[in-house]
Amino acid sequence: MVVLGIESSCDETAAAVVRDGQVMLSNVIASQVDVHAQYGGVVPEVASRKHIEAIAPVIVQALGDARLTLAEIEGIAVTRGPGLIGSLLVGLSAAKAIAFARRIPLVGVNHLEGHVAAIFLTDTQPPFPFVALVVSGGHTTIYLVEGFQRFVVLGRTRDDAAGEAFDKAAKLLELGYPGGVVIDRLAKQGNRDAFPFPRGMRDSVDFSFSGLKTSLLMRLRKRGSPFTAEELPDVVASYQEAIVDVLVEKTLRSAARNSISRVVICGGVAANSRLRERFRNDASRSGIDIFIPPPSLCTDNAAMIAVMGGHLLQGGQSDGFDLNAVSRWPLVC
Ligand code: KG4
Ligand code: ZN
């Protein structure tokens, strides 16, 4: 089955064509990063307008890259939530229009489930059950994944998401937006042990990142002046290590406790080079196999939506034209 996936939950307008839930024929992403960077974060109203401008050209390019016409598409998968309602509605409207005009099935996909499904686009795919860490700008949750749409929450953040911890630190340090990529790059030149940042909730497999962010803010206030260009790499390397430490340690601990030897890492923060390195090193020591999609399939994309949607459509699930966007949609209620 050839599925067109559409994703517009935040600030990326994306479309992709995937065959049989695992062969990626195209994957197009129009980023709005430059527009939102001047405001230091995503402005929902601006995001919706930019999605409207980008959605048709992005879909046309996804079809062109796949060397297919709309007539050859057999199903449409679209992100229904969670995300910004105004942004989601742009993708949903485009998806409905195509499904209606072409009389092909339409299915709404959970963005978080899409992040997990990205692993099925890679060469080495884990069999169920596995543990998945979904770590993005809005979510930081450890799941036991027993099958498609069968999730058990093992641990979750009690406050900020890890991506937020990256983005807020970058803002405090005036490093620009989005923060994760900038910190990842700058940290490579820094000393990870230079500053003792706190690791929250050591004894639990839940996360807390607000204390870490406050600790950085307090350090800045105490100094009374910004960090120098020489100090910054050490600051961000130490800060990043505090985030990576708890993500790696708690995820591997959750897997071991549940006697699971396969762990999937996904979501935008899974693009972080230190996190990828640490998971691979620490897991091999504990006999756990780590599965991480390439960075381009960790950050928001439509191929992951097409994979998940393809699976639902092939299983006979589809939605009507009354399908609506939802801002909150936990995988486990
Ligand atoms: O999954 P995603 O693209 O969008 C959401 O669903 O939220 O994740 C975006 C988050 C942002 O917080 C961004 O700073 C973070 O992922 N991120 C990174 C890196 N690339 C993106 N964080 C750390 N290191 C990176 N290389
Ligand atoms: Zn995402």
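Keep in mind the model is a prediction, meaning the values are calculated, not measured. Note that ligands are numbered from 1 as they come in the structure, with each ligand's atoms numbered from 1 the same way.
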Query raised in the report: Heavy-atom distance to atom 4 (O) of ligand 1: which of I183, V244, D300 wins?
Result: D300
Query raised in the report: Can you tell me which residue and heavy atom of the protein come closest to atom 12 (O) of ligand 1, and the distance to 0.1 Å?
Result: D167 OD2, 2.7 Å
Query raised in the report: Between S296 and N301, is any pair of side-chain heavy atoms under 4.5 Å apart?
Result: no
Requested in this report: Taking only Lys NZ, Arg NE, NH1 and NH2, and the carboxylate oxygens of Asp or Glu, determine whether E164 and K213 approach each other closer than 4.0 Å.
Outcome: no
Query raised in the report: Using the benzene-type ring in the case of Trp, are the ring centres of F291 and F130 under 6.0 Å apart?
Result: no
**Report entry** CD-CG distance between Q314 and D20, expressed to the nearest 0.5 angstrom
**Finding:** 6.0 Å
Report task. Record the part of H115 in heavy-atom contact with ligand 1 below 4.0 Å; permitted values are side chain, backbone, both and neither. Result -> side chain
Query raised in the report: If you measure from the Lys or Arg side-chain nitrogens to the Asp or Glu carboxylate oxygens, is any gap between E53 and R49 under 4.0 Å?
Result: no
Query raised in the report: Below 2.8 Å, any N, O or S contact between H111 and the Zn ion (ligand 2)?
Result: yes
Requested in this report: State the atoms of ligand 1, each with its element, that fall below the 4.0 Å cut-off from a heavy-atom position in H111.
Outcome: 6 (O)
Query raised in the report: Nearest to atom 17 (N) of ligand 1, what protein heavy atom do you find, and at what distance?
Result: G268 O, 3.6 Å
Query raised in the report: Short N/O distance, under 3.5 Å, between N272 and ligand 1?
Result: yes
Query raised in the report: Near the Zn ion (ligand 2), is there an N/O/S atom from C10 that is less than 2.8 Å away?
Result: no
Query raised in the report: Can you check whether G180 has an N/O within less than 3.5 Å of an N/O in ligand 1?
Result: yes
Report summary line: If you scan protein heavy atoms around atom 15 (C) of ligand 1, the nearest is V269 CG2, 3.9 Å
Query raised in the report: Is A271 in contact with ligand 1, taking contact as a heavy-atom separation below 4.0 Å?
Result: yes
Query raised in the report: Can you tell me if S26 and D65 form a side-chain donor-acceptor pair at under 3.5 Å?
Result: no
Query raised in the report: Do any N/O atoms on G179 end up under 3.5 angstrom from N/O atoms on ligand 1?
Result: no
Query - D300 atom (N/O/S) at minimal separation from the Zn ion (ligand 2) - result: OD1
Report task. Give me the one residue out of I142, V135, D160 that meets side chain to side chain contact (heavy atoms under 4.5 Å, CB included) with F207. Result -> I142
Report task. Rounded to the nearest 0.5 Å, what's the gap from OG1 on T69 to CZ on R102? Could you check? Result -> 7.5 Å
Query - Any R185 heavy atom less than 4.0 Å to ligand 1 - result: no
Query raised in the report: Does a side-chain N-to-carboxylate-O contact under 4.0 Å join E231 and R219?
Result: no
Query raised in the report: What atoms in ligand 1 come closer than 4.0 Å to a heavy atom of G138?
Result: 7 (O)
Query - Per-atom contacts, ligand 1 versus G137 - under 4.0 Å to a heavy atom - result: 5 (C), 7 (O), 8 (O), 9 (C), 10 (C), 12 (O)
Query raised in the report: What's the spacing between R274 CZ and E241 CD if we round to 0.5 Å?
Result: 4.0 Å
Report task. Enumerate the atoms of ligand 1 whose separation from the nearest heavy atom of G163 is less than 4.0 angstrom. Result -> 12 (O)
Query raised in the report: Among side-chain atoms of S273 and D184, is any donor-acceptor pair under 3.5 angstrom?
Result: yes
Report task. Give the atoms of ligand 1, by number and element, whose distance to some non-hydrogen atom of D184 is under 4.0 Å. Result -> 24 (N), 25 (C), 26 (N)
